[in-house]
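Single-structure report; data block below.
In this chain, residues are counted from 1 in sequence order. We count ligands from 1, going down the list as the structure has it; atoms in each ligand are counted the same way.
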Amino acid sequence: MTIQTIVVPDLGGAETVEVIELGLNPGDSIEVEDALLVLESDKATMDIPSPAAGALVKYLVAEGATVRVGDAIAEIDVADEATAETEAEPEEVEQVTNEPLVEAAVATEQAQEQAPQVAAASSAEQMILVPDIGSDDKVELIEVCIAVGDEVNEGDTLVVLESDKATMDVPSTHSGKVLEIVVAEGAKLGTGDAVALFEVAGDAPAPVVAKPVTDKPVADKPVADKPVAPAAAPVAAPIEAAADAIQSAPGQPAQPAAVAAAEPALSSDAAQVYAGPAVRLIARELGVALTEVSGTGPRGRILKDDVSNYVKQVIKNKDAPAAAATGGSGIPAVPAVDFSQFGQIEELPMSKIQKLTAANMQRNWLNVPHVTQFDDADITDLEAFRKGLKAEGEKRGVRVTPVAFLIKAIGAALEANPEFNRSLAADGQNLIQKHYCHVGMAVDTPRGLVVPVIRDVNEKGIWDISAEISLLAGKARDGKLKPAEMQGGCFTLSSLGAIGGNGFTPIVNAPEVGILGVSKSQMKPVWDGAEFVPRLLLPMALSYDHRAINGGDAGRFMTHLVKLLSDIRYLAL
Ligand code: CAO
């Protein structure tokens, strides 16, 4: 067995870095390049890889510690078949590992009568021991909350121990500077075992007795996040309860969590969180309730990144209109299904446009309270007129389709019904009235759906609008639209008229407040008061944002649109 000490490598310019994650337990096997621990500078987070295969002996630092290049951070037992002659080494290593524990045991005997957890290592130095934990059993150390060099206040948590039912903070019996930590995560500790060597100031204070580990589930007890200690030292894990959670989730990997609290209850929900002291400190500083944060670390541990991602998400949601629902929150996820169990499948990557469309549709569907109103426009005369333009169109090189008339009519309807030419202000308290009239047109392309915008439609005639439809639809299909050509729309038209269907309910293209979906026109019998006459009817569906538009507004808009399309002479007025 060969013990190799791992030191902090060249940090690429950073003076100091923080230890943010100790992912392994003593005895865990490692392969070359496996991450031993994670360091973080103010610029980057870096995994420190193991230079050799073997097993972790112990960490020499705690999470939250600040280290420099060359500092020893871990010891690994290098797997080396060729080092049979080094068989004596384990003993040596054991000695190194246990030396303070031996001292501590002696000290414990001396101190047992008066202060079971305190023993003197020298006049200015104090070995801090595990106090009476109310049990003869050794329990696992799951978290070291201090680092060498830390100034620790009396009562600050030094380590967190965990039995199979509950966990507990071990508070410091002294204020002082940490000279040496003699334990590592994963070690088994019991009453009187040494934890750390302190340089203490002044007389030893009265002993502080740790709260006993309890076999009783504590999830229902009042629990508390300890107040942040004024000292710079990382603050211990707050009181948590996991026994119930562990017991009630058979088959789930056990998550270290529960810590019973004797302190006054501040928050009962801090019970189920699993996070290191540095993370807890940051969470407290930012006012983040860790119960709200999902942990992505080993065994669901909450990492610093989880806290910062949570904060980013909260800020993002705050920026959204106040009246808007936060998309997705509380909505049960669609279950992941392995479709291959039912037959042959193929996974197709989504295009960028498809992904964007999916995100936008979901956002709009969740944020906008939709109402859809239906009507038919009699476009018999419009179609007769449009077909009469064919020869002229050929001369001009322009193809006129019903979509040009629809866009022109939408412009006029928006002018007559300005409620539809508004958006909700980002503050959710105001409406923005637009005094321009740009209409978006959904275009179906092989890459996905895009919506180029025809600007100032009220200042353009049918020829110009038709030419622009062809141009923009062509660019859309060729993937040549510029971002500016897809921005600034006030209202959207989605025409499936060339494809078919009786009707559909389009999704509002927020922050616009209205969208018109048109389907295929069909000849239908219409009662004219005396007889049924064949008329070409265009099915239309108007979806609108009911926060900004009332049903009455929508009824007037739709009626106006029907009138314009049924008699296009009104478009000239
Ligand atoms: N009823 C009957 N026929 C119609 C019609 C309607 N409502 N709308 C168009 N047509 C006819 C046109 O007149 C044309 O026939 P003619 O050449 O004989 O005149 C034919 O259908 C094809 O038209 P087009 O599709 O080439 O041109 P357009 O101006 O009608 O449409 C565009 C342009 C870009 C809107 C369309 O090509 C398109 O992409 N539509 C799909 C939009 C979409 O996907 N919407 C859903 C969005 S939400 O998922």
Side-chain angles (χ1 to χ4, degrees), residues 350-351 353-365 368 370 372 374-394 397-410 439-454 457 460 462-481 485-486 489 491-510 512 514-524 535-543 561-562 565-566 568:
M350 286 170 83
S351 71
I353 292 177
Q354 283 173 318
K355 286 184 205 160
L356 274 172
T357 302
N360 288 345
M361 290 297 177
Q362 186 177 24
R363 182 197 68 196
N364 297 341
W365 179 258
V368 176
H370 280 73
T372 305
F374 305 91
D375 209 343
D376 291 340
D378 182 338
I379 58 164
T380 316
D381 297 339
L382 184 156
E383 271 299 273
F385 177 69
R386 184 183 72 84
K387 283 184 176 140
L389 294 174
K390 202 168 174 198
E392 171 77 9
E394 276 167 12
V398 176
R399 196 166 70 95
V400 180
T401 68
V403 169
F405 287 91
L406 282 161
I407 286 174
K408 183 72 189 160
I410 287 168
V439 177
M441 168 185 71
V443 180
D444 186 29
T445 81
R447 288 179 204 81
L449 182 68
V450 288
V451 186
V453 174
I454 300 174
V457 296
K460 291 175 180 164
I462 293 293
W463 293 119
D464 288 343
I465 292 174
S466 295
E468 237 178 287
I469 290 170
S470 297
L471 179 75
L472 291 173
K475 279 188 174 185
R477 290 187 184 111
D478 296 342
K480 297 219 165 105
L481 280 175
E485 290 172 314
M486 293 182 277
F491 185 98
T492 295
L493 169 68
S494 177
S495 170
L496 291 177
I499 299 168
N502 290 327
F504 63 100
T505 54
I507 296 176
V508 171
N509 189 14
E512 297 167 19
I515 181 168
L516 185 75
V518 299
S519 298
K520 192 175 179 65
S521 58
Q522 283 184 55
M523 210 45 110
K524 287 194 174 167
R535 303 296 292 177
L536 188 62
L537 299 185
L538 179 71
M540 302 196 296
L542 173 70
S543 293
L561 200 56
V562 166
L565 294 168
S566 300
I568 56 167

(request) Give the numbers and elements of all ligand 1 atoms closer than 4.0 Å to a heavy atom of Leu496. (result) 43 (C), 44 (O), 45 (N), 46 (C)

(request) Looking only at non-hydrogen atoms, find the nearest pair between Trp463 and Val400 and report the distance. (result) CZ3-CG2, 3.6 Å

(message) Suppose we measure from atom 3 (N) of ligand 1 to each protein heavy atom; which comes out shortest, and what is that distance?
(response) Gly497 O, 3.6 Å

(request) State whether the side chain of Thr380 and the backbone N or O of Leu536 hold a donor-acceptor pair below 3.5 Å, judged by distance alone. (result) yes

(message) Only heavy atoms of Ser521, strictly under 4.0 Å: list the atoms of ligand 1 that pass.
(response) 1 (N), 2 (C), 6 (C), 7 (N)

(request) Under 4.0 Å from a heavy atom of Leu538: give me the atoms of ligand 1 that qualify, with their elements. (result) 7 (N)

(request) Among Ile379, Asp378, Leu537, find the one that has a side chain to side chain contact (heavy atoms under 4.5 Å, CB included) with Ser521. (result) Ile379

(request) Looking only at protein heavy atoms, identify the closest one to atom 35 (C) of ligand 1 and say how far it is in Å. (result) Ala442 O, 3.8 Å

(message) To check you understand the geometry: which heavy-atom pair defines the closest contact between Ile465 and Lys408, and what is its length?
(response) CD1-CD, 3.8 Å

(request) Just jot down the ligand 1 atoms closer than 4.0 angstrom to any heavy atom of Arg477, in number order. (result) 34 (C), 36 (C), 37 (O), 38 (C), 39 (O)

(message) Over 60° means perpendicular and under 30° means parallel, so tell me whether His370 and Trp365 are parallel, tilted or perpendicular.
(response) tilted

(message) With a heavy-atom distance limit of 4.0 Å, tell me whether Ser519 approaches ligand 1 through its side chain, its backbone, both, or neither.
(response) backbone

(message) Quick check: closest heavy atoms across Phe374 and Phe504, and the distance to 0.1 Å?
(response) CE2-O, 4.3 Å

(message) Using every non-hydrogen atom in the two residues, find where Leu472 and Met441 come nearest and quote the distance to one decimal.
(response) CB-CE, 4.4 Å

(request) Classify the contact between Ile507 and ligand 1 as side chain, backbone, both or neither, using a heavy-atom distance cut-off of under 4.0 Å. (result) neither

(request) Name the closest protein heavy atom to atom 24 (P) of ligand 1, giving the residue it belongs to and the distance to 0.1 Å. (result) Arg399 NH2, 3.7 Å

(request) Starting from atom 47 (C) of ligand 1, find the nearest protein heavy-atom neighbour and note its residue, name and distance. (result) Ser494 OG, 3.0 Å

(request) Distance to 0.1 Å, residue and atom name: give those for the protein heavy atom nearest to atom 19 (O) of ligand 1. (result) Arg386 NH1, 3.2 Å

(request) Counting heavy atoms only, name the option from Ala473, Ala498, Ser495 that's nearest to atom 22 (C) of ligand 1. (result) Ala498

(message) So does Ala404 get a backbone contact from the side chain of Arg386, meaning a donor-acceptor N/O pair under 3.5 Å?
(response) no

(message) Starting from atom 31 (O) of ligand 1, what is the nearest protein heavy atom, named by residue and atom, and what distance separates them?
(response) Val403 CG2, 3.7 Å

(request) Distance to 0.1 Å, residue and atom name: give those for the protein heavy atom nearest to atom 39 (O) of ligand 1. (result) Asp444 N, 3.0 Å

(message) Is any side-chain heavy atom of Asp381 closer than 4.5 Å to one of Arg535?
(response) yes

(message) If we count only N and O atoms by modelled type, under 3.5 Å, do the side chains of Glu512 and Thr492 hold a donor and an acceptor together?
(response) yes

(request) Indicate, as side chain, backbone, both or neither, the part of Lys390 found under 4.0 angstrom from ligand 1 when only non-hydrogen atoms are considered. (result) neither

(request) Return the minimal non-hydrogen interatomic distance between Ala476 and Thr445, and the atom names on each side. (result) O-CG2, 3.5 Å

(request) Name the closest protein heavy atom to atom 13 (O) of ligand 1, giving the residue it belongs to and the distance to 0.1 Å. (result) Pro402 CD, 3.2 Å

(message) Is there a side-chain contact between Met540 and Val562 in this structure, where contact means two heavy atoms from C-beta onward sitting under 4.5 Å apart?
(response) yes

(message) Could you tell me, atom by atom, which parts of ligand 1 come under 4.0 Å of a heavy atom of Val443?
(response) 34 (C), 39 (O)

(message) Residue-level breakdown please: for Val518 versus ligand 1, do any non-hydrogen atoms fall below 4.0 Å on the side chain, on the backbone, on both, or on neither?
(response) neither

(request) Check each of Leu493, Thr445, Ile379, Thr401 against atom 28 (P) of ligand 1 and report the one with the nearest heavy atom. (result) Thr401

